[in-house]
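These notes are about the structure you will find just below.
For ligands, and for the atoms within them, numbers begin at 1 and follow the listed sequence. Only this structure's heavy atoms are used, side chains among them; waters, hydrogens and symmetry mates stay out.
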Amino acid sequence: MSEAPRVAFAVYGCRLNQAEAEAWRTALARRGARVAEPAEADVLCLHSCAVTAAAVREALRALRAWRAAHPRGRVVVSGCAATLLPPGLADLALPHAEKARWLRAVCALLGLPGAEAGEAAAPPPRRTRAALIAQDGCDRFCAYCIVPRMRGAPTSVPMGALLRAAAERFAQGFREIVLTGCNLALYRDPDTGAALPELLARLCDVPGEGRFRLGSLEPCVTDDAALFRLAAGSGGRLCAFFHLPIQSGSDALLARMGRPYGAARIRATLDALCGALPFCGLGADWIAGLPGETEADAEATRRLLADYPFTGAHVFPYSKRPGTPAAAFPGQVPSERIAARAAALRAVAAETRRLALRRFLGRELCVIPERTRTGRCEGWSAEYLRCRLPESAPRGVPTAFVPTAILPDGTLG
Ligand code: SF4
């Protein structure tokens, strides 16, 4: 390849994957690679997700289609599905265990200047929001989840390094830092053993102008109530938004999944959150159709979802992941029943969201305008509500915003 390679990224899955890919993209661009759209690229870097069978299928489909259209192109596959793809499809397959050598290996493949082992790239200075990876891996082995087998045991970034990185991001002009991890609630500073609430308390004191947002948080693992109090007392430094992968409202199913709580405990957690932050953004993940799920279990989940002001919900129809205990559970639910229960759950989620968003009408929110779409400027409030502002709103500058109408995908003001 004589000219600088044109590299495209296809990224699937969680925020952690997005953050990892963003860092690699930036590092390759710094070494002379040209970042391109997949159709124009000579090299496709596919960062994959294996959390559902559908995610693996989607990555495989995209990869095959790109290969067919670019017979001389090169493919680098990384992420949770890197070991699940048929052999021969990728020029380089780097599962999570080999992530530390991704940059070196890809630079060698593309003839770009080498990189140091473990080099971390700063995010590009064109965004208002930066991701900060604090943690990776998980050892909880929930019955349906393949992630611990793919990402390995929990590891955490030292607190000192995170505090320095956060101060740098603010100095670079980012106004929001999203703390991400595979299971953030397992964060432990390798030097002192400090847990997530202590880390966030220290982050809130970092010099610089901007706010922190917490990525998905496994409930009932760390001291959730301490986090809620911290957000409530932080004067907006820690966003009033929590995304909890609750998964089910049924005691029987939660036990089957191997989750560390039952319905009463998760309700107590949600009560603590709503008590500390009555106007918070509240997201959750839900699984429909885990093996053994009865109609009563599904109803318990719908009830829990309807009982709290969820502003967002991701509903996952259960899909078998080979290698997980749930794949061998008796009582697999027929696919049409899974689809019907997922649809019913989504309907409840939509109505719950509509009611939850209505509470924000006329209430002043702090929005960071990010981009223009369909003639309006769009940004996210601290509560993670998508807000449509006038076109003239200043990009990247925290702006007061009062929602006056609820739209299907956000609020208008
Ligand atoms: S805690 Fe989350 S990442 Fe860990 S096994 Fe359970 S679902 Fe998977």
>> Enumerate the ring pair (Phe, Tyr, Trp, His ring centres under 6.0 Å) contacts for residues 30-60, please, sequence neighbours excluded, ordered by first and then second residue.
In response: W24-H47
>> Please list all pairs meeting ring pair (Phe, Tyr, Trp, His ring centres under 6.0 Å) that have one or both residues in residues 215-241, counting only residues at least two apart or in different chains.
In response: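 Listed once each, the pairs are F228-F242, F241-Y384.
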>> Check for me whether R363 meets the cation-pi criterion with F279, that is, NZ or CZ under 6.0 Å from the six-membered ring centre and within 45 degrees of the ring axis.
In response: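 Because its charged atom sits under 6.0 Å from the ring centre and within 45° of the axis, R363 does stack over F279.
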> Is the closest side-chain heavy-atom distance between T180 and Q18 below 4.5 Å?
Replying inline: no
>> If you define the side chain from C-beta out and look only at heavy atoms, does anything of V147 sit under 4.5 Å from F141?
In response: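 Side-chain contact under 4.5 Å: no.
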> E98: what forms a side-chain hydrogen bond (donor to acceptor under 3.5 Å, both in side chains) with it, not counting sequence neighbours?
Replying inline: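 Partners of E98 under the side-chain hydrogen bond (donor to acceptor under 3.5 Å, both in side chains) test: R101.
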> Which of these, E218, R151, Q247, has its nearest heavy atom closest to atom 2 (Fe) of ligand 1?
Replying inline: E218
> Counting no waters, what protein N/O/S atoms lie under 2.8 Å from atom 8 (Fe) of ligand 1?
Replying inline: C145 SG
